Amino acid sequence: MTPRTPLSALAATLLAAAALAACAPAGAAPREPADPPAQERWGLVIHGGAGTIRREQVPPERQAEYHAALREALLAGWRVLEAGGTSLDAVEAAVNLMEDNPLFNAGKGAVITADGRIELDAAVMDGATLRAGAVAGLRHVKNPIDLARAVMERSPHVMMIGDGAEAFAREQGIELVPAEYFFTDARRRAWVRAREQERARRDSVRGGAAALDDERKFGTVGAVALDRHGNLAAGTSTGGMMMKRYGRVGDVPIIGAGTYANNRSCAVSATGHGEFFIRNTVAHSVCALVEYGRLPLQAAADSIVMRQLVAQGGDGGIIAMDRQGNWTLTFNSAGMYRGRIGADGRPETAIFRD
């Protein structure tokens, strides 16, 4: 039997859901989950990248650093929500802290391109209005998520790239920094290793593409939130792929691939091997299964991340929240830096699959 294409797999799921709905008694209203009290449902979910993250590879002291950084970001977003702020403000606050933390591949501490530079991408989306903003190929914007939001709110466009995006940042008073700000010693060492590995591959592999190391494939930060007003938002920021060439752009700033939010369904931020997330429009596909297929959020996430991507060899994960305040942190890799916080203000963080 020929394997289904990603499109036919999604279509089949939607058709099956429609068939079930058609079998409902005549005149039956569509089944909508009852909304729990607003004070019980709002919250925030974040990620700091996915990949081959195994316990034996991360020393205990470094694990503690990641847990502390994730808790800090969660609490920053929670304070916004607890004070009655918007989901957009909460997402931006959480992502800002991760962009500023060199542990993550976003902002300071981003990975380095093949020609020794740092290029940053980000996106944000408002689930209430479906407005979105995205930026790519930045080299001097301290917090790319801030510029993505400015594109959304202060321009008629959705995406800006490179020098044009940075010219807009200057006009809008978005903070710019020297390129050197983003580099760290750890990333420089990783870049030297990756460059040596690439040279070795060129010497040993002719006429074929070698697999990318996990260190090169993965690394992104993101947040999704539901506020007290019932509005969803998503934001994602990344330094992209180690040793990337030719102005490569991944899934993060592509609305519907790495970032998506819609109050009718859910908010999603993705992390992983971006080419697979682009081909499968992962973020929007999850929300489509929720809205049109009437699948629960976890089932929708599993359908795309644990089956569709796995069948194609696409590694990574997503975080998501729906309009009822349900949440998921779903990934098919060995680990994902992740956390969640609800109205009770108690942050929960995790790294490994267990």
Side-chain angles (χ1 to χ4, degrees), residues 3-14 17 45-51 91 105-106 121-125 127 130 132 134 136 148 158-159 212 214 217-224 232-238 240-241 248-262 264-293 295-322 326-333 335-338:
R4 285 175 172 168
T5 65
L7 179 60
S8 64
L10 178 58
T13 303
L14 291 172
V45 186
I46 65 173
H47 70 78
V91 162
N105 174 23
D121 309 332
V124 66
M125 188 163 182
L130 300 188
V158 171
M159 181 182 286
L212 293 168
D214 289 313
K217 285 197 292 189
F218 302 136
T220 300
V221 305
V224 297
L232 291 162
T236 319
S237 183
T238 186
M241 181 185 291
R248 178 261 186 189
V249 175
D251 62 305
V252 164
I254 298 177
I255 302 304
T259 309
Y260 191 76
N262 185 338
R264 293 176 61 87
S265 53
C266 62
V268 177
S269 175
T271 174
H273 196 165
E275 279 66 17
F276 289 91
F277 285 72
I278 294 170
R279 294 170 191 145
N280 291 276
T281 55
V282 164
H284 180 265
S285 291
V286 171
C287 291
L289 289 176
V290 172
E291 181 176 359
Y292 305 118
L295 292 187
L297 183 64
Q298 186 63 61
D302 288 344
S303 178
I304 301 299
V305 176
M306 305 305 293
R307 290 190 284 277
Q308 189 164 310
L309 286 181
V310 168
Q312 299 173 36
D315 297 337
I318 66 163
I319 56 172
M321 290 190 75
D322 67 17
N326 301 308
W327 51 272
T328 182
L329 307 100
T330 301
F331 57 99
N332 59 39
S333 51
M336 182 170 75
Y337 301 108
R338 61 200 189 275

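No experiment lies behind these values; they were computed from the predicted model shown.
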Would you name the heavy atoms of [X] and [Y] that are closest together and state the gap between them?
X	Y	result
Ala132	Met125	CB-CG, 4.0 Å
Leu297	Ala320	CD2-O, 3.7 Å
Thr271	His47	CB-CE1, 3.5 Å
Ala106	Ser237	CB-O, 3.6 Å
Ala267	Ala234	CB-CB, 4.1 Å
Ser285	Asn280	OG-O, 3.0 Å

Polar side-chain atom of [X] near backbone of [Y] as donor-acceptor pair, under 3.5 Å:
X	Y	answer
Thr330	Met306	no
Asn262	Arg264	yes
Thr236	Ser269	no
Asn332	Val305	yes
Asn105	Gly240	yes
Thr259	Val252	yes

Measure the [atom1]-[atom2] distance between [X] and [Y] for me, rounded to the nearest 0.5 Å.
X	Y	atom1	atom2	value
Ile254	Ile278	CD1	CD1	3.5 Å
Tyr260	Ile255	OH	CD1	9.5 Å
His273	Asp315	NE2	CG	8.5 Å
Arg338	Ile319	CZ	CD1	11.5 Å
Ile304	His284	CD1	NE2	11.0 Å
Met321	Leu329	CE	CG	10.0 Å

What residues, two or more places apart in sequence or in another chain, satisfy side-chain contact (heavy atoms from CB on, under 4.5 Å) together with Ala134?
Ala123, Met159, Pro253
With Ala300 via side-chain contact (heavy atoms from CB on, under 4.5 Å) - residues at least two apart:
Val286, Leu289, Val290, Leu295
Test ring pair (Phe, Tyr, Trp, His ring centres under 6.0 Å) applied to Phe277 - qualifying residues, sequence neighbours left out
none
Heavy-atom distance under 4.5 Å between the side chains of Val268 and Cys287, does that happen here?
yes
Please walk me through it: do Ile318 and Val282 pass side-chain contact (heavy atoms from CB on, under 4.5 Å)?
CA-CA 9 Å; Ile318 66 163; Val282 164; 3.9 Å; yes
